Amino acid sequence: MQFRWEWEVFLRDTGGGETYLDWMISAWGWTLTVSACSWVVAVLAGSVVGTLRTTPSAWLGRLANAWVELFRNVPLLVQIFIWYHVIPSLYKPLQEVPSFILVVLALGFFTSARIAEQVRAGIQSLPRGQREAGLAMGLTLAQTYRFVLLPMAFRIVIPPLTSESMNIIKNSAVAFAVSISELTMFAMQAQEETSRGIEVYLAVTGLYMATAFAVNRVMAFFEARLRVPGYVGSDH
Amino acid sequence: MIEISNVSKWYGTFQVLKDCSTRVDKGEVVVVCGPSGSGKSTLIKCVNALEPFQKGEVVVDGISVGAPGTDLPKLRSRVGMVFQHFELFPHLSIMENLTLGQIRVLHRGEEESRDKGMKLLERVGLREQAAKFPGQLSGGQQQRVAIARALAMDPLCMLFDEPTSALDPEMINEVLDVMVELAHEGMTMMCVTHEMGFARKVAKRVIFMDRGEIVEDATKDDFFGKPRSERAQQFLSKILHN
């Protein structure tokens with residue numbers, strides 16, 4: 001028996017007044033929203049935690065270290081279930097919080113641990129004299145980070161940050177586990193309802209790839225824009 | 001201007017500075033030399049508290065550096081420092097390197113800071129480079145910018161931590177010329193350097209350090225004429241005959 005493509009499946013009505021294409025686009029929107037919100041949480045938390053790990057304060061460093069170990073030593077899927085099932089039953093007010101927020105926190109904090117390590121590595125790759133030069137001219141430690149260390153550290157970590165940003169889009173697929181109607185959730189339900197799993201999964205795969213690649217291009221644009229003239233490793 | 005009294009410092013159990021005492025008066029140029037690992041850089045970094053020390057006292061312009069309540073950023077803004085590896089900020093243009101401290105620490109206006117920066121660049125012969133970035137300049141040029149950057153803060157005194165030892169030989173003089181000029185203008189300077197020609201030309205005193213101790217602290221003529229310690233004699237004969 002020969003296989004027949006049936007891409008028209010996307011034009012079928014879901015039974016709710018919309019086509020499967022409409023549903024897929026809206027699911028894609030959820031994927032993008034979850035990813036974007038998690039990215040903001042991850043970059044903010046990761047930057048703060050990574051920076052704290054390089055400050056002279058021993059207890060802030062330990063606190064940041066604990067953060068990193070906590071969020072990177074537990075599988076992402078388990079973390080999502082903990083946010084969804086465990087924490088709200090320990091702390092009742094969280095039961096009112098929509099699962100979208102819980103997923104954003106779970107994915108954001110999970111990724112923040114990885115970004116924190118990258119930011120730390122970026123800061124530590126700078127010569128020790130840079131910090132000394134900032135302090136020696138009378139900048140406070142905070143100003144030295146703000147004007148001297150972090151601008152260079154962030155440029156250095158753009159490549160791993162690009163991978164991390166693409167990972168966040170792919171990792172957002174686990175949100176299906178708490179019934180967020182994102183792309184993976186759509187794929188599973190649509191294939192069940194239509195029995196056209198091949199078309200559905202190929203389309204979803206294409207969307208994931210296109211999205212991740214677009215993120216890659218955006219980051220490459222910033223990498224080129226922020227390149228420091230004459231600095232080792234840059235082109236001119 | 002700078003008084004260092006009985007300063008000792010340990011890294012764990014290893015003592016890097018042993019009971020060091022010396023002073024640099026206003027308008028004086030003092031050169032600190034000695035073999036590598038003798039504690040010269042550590043000592044000079046104690047002056048602006050880049051290196052903490054466990055015993056003794058450093059007083060700069062009447063303010064104790066190690067005292068708990070000291071406003072270190074304020075004190076450091078009045079002590080210029082030039083590093084071995086220049087330490088210009090690579091992501092900032094030459095002009096921005098010169099204005100950062102003026103704007104953020106001294107709260108000068110943007111325009112005033114640029115004017116000041118331009119004057120200092122002119123003085124070190126790099127006016128045309130204002131819009132470039134540190135990575136586009138030679139080592140000698142970068143170090144001259146670093147000196148201009150320190151001068152932009154109108155410092156009371158200047159610390160130099162081996163300012164020429166990372167430079168190619170043909171670039172050493174362009175930096176030393178700027179330093180000699182500065183000395184002739186009466187700047188108070190403490191310089192860790194092996195450039196004995198520079199010491200001969202402008203230093204009032206020479207300090208010789210070895211294994212964390214100040215072994216010799218003599219006037220220039222005494223130091224080059226008849227150093228008392230054998231270690232200093234050996235050191236001098238080695239670096240002068242190269």
Side-chain angles (χ1 to χ4, degrees), chain A residues 47 50-51 54-61 118-119 121-159 161 219 221-236, chain B residues 41 44-45 47-52 71-94 96-107 129 131-138 141-142 146 149-155 158-162 166:
Chain A
S47 303
T51 301
T54 65
T55 57
S57 161
W59 71 268
L60 280 178
Q118 291 156 9
V119 169
I123 295 170
Q124 287 176 343
S125 73
L126 300 172
R128 189 179 126 101
Q130 288 282 301
R131 176 188 302 252
E132 291 185 336
L135 294 174
M137 70 165 48
L139 298 176
T140 61
L141 185 64
Q143 286 178 318
T144 301
Y145 272 96
R146 161 83 176 75
F147 298 112
V148 177
L149 301 177
L150 290 178
M152 276 314 288
F154 274 110
R155 283 174 169 86
I156 291 169
V157 303
I158 287 179
L161 208 54
M219 295 295 280
F221 169 78
F222 281 113
E223 191 177 347
R225 271 290 296 274
L226 293 170
R227 186 167 286 157
V228 173
Y231 192 69
V232 183
S234 71
D235 285 334
H236 31 147
Chain B
S41 292
I44 204 172
K45 284 178 180 172
V47 174
N48 61 355
L50 287 182
E51 290 280 358
D71 181 351
L72 281 181
K74 190 172 173 201
L75 182 132
R76 285 166 175 153
S77 72
R78 305 163 80 189
V79 179
M81 184 151 199
V82 176
F83 296 84
Q84 180 175 4
H85 297 287
F86 332 134
E87 305 301 352
L88 296 179
F89 306 135
H91 59 293
L92 300 179
S93 71
I94 299 303
E96 288 166 338
N97 266 276
L98 266 69
T99 56
L100 177 65
Q102 297 186 68
I103 293 171
R104 299 294 166 182
V105 179
L106 303 180
H107 306 293
Q129 318 291 341
K132 289 198 179 159
F133 284 78
Q136 298 170 314
L137 268 53
S138 74
Q141 290 176 322
Q142 289 191 52
R149 178 175 73 177
L151 292 175
M153 306 295 285
D154 294 320
M158 291 276 286
L159 308 174
F160 291 84
D161 185 10
E162 304 207 35

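Since we're looking at a predicted model, the values are computed, not measured. Chain naming here is simple, since letters A, B, ... match the order of the sequence lines and numbering starts at 1 in each.
Contact detail for B/Phe133 and A/Pro229: the closest heavy-atom pair is CD1-CG, 3.4 Å. Smallest separation of non-hydrogen atoms from A/Val228 and B/Pro90: CG1-O, 2.8 Å.
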Chain B against chain A: donor-acceptor pairs under 3.5 Å:
{"from": "A/Arg128", "atom 1": "NH2", "to": "B/Glu51", "atom 2": "OE2", "distance (Å)": "3.2"}
{"from": "A/Gln130", "atom 1": "N", "to": "B/Glu87", "atom 2": "OE1", "distance (Å)": "3.4"}
{"from": "A/Gln130", "atom 1": "NE2", "to": "B/Glu87", "atom 2": "OE1", "distance (Å)": "3.0"}
{"from": "A/Gln130", "atom 1": "NE2", "to": "B/Leu88", "atom 2": "O", "distance (Å)": "3.0"}
{"from": "A/Glu132", "atom 1": "OE1", "to": "B/Lys45", "atom 2": "NZ", "distance (Å)": "3.0"}
{"from": "A/Gln143", "atom 1": "NE2", "to": "B/Arg104", "atom 2": "O", "distance (Å)": "3.4"}
{"from": "A/Phe147", "atom 1": "O", "to": "B/His91", "atom 2": "NE2", "distance (Å)": "3.0"}

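Neither the backbone nor the side chain of B/Leu106 comes within contact range of chain A; no heavy atoms are under 4.5 Å apart. Interface residue B/Phe89: backbone and side-chain heavy atoms are both found under 4.5 Å from chain A.
A heavy-atom distance below 4.5 Å is found between the side chains of A/Val148 and B/Leu100.
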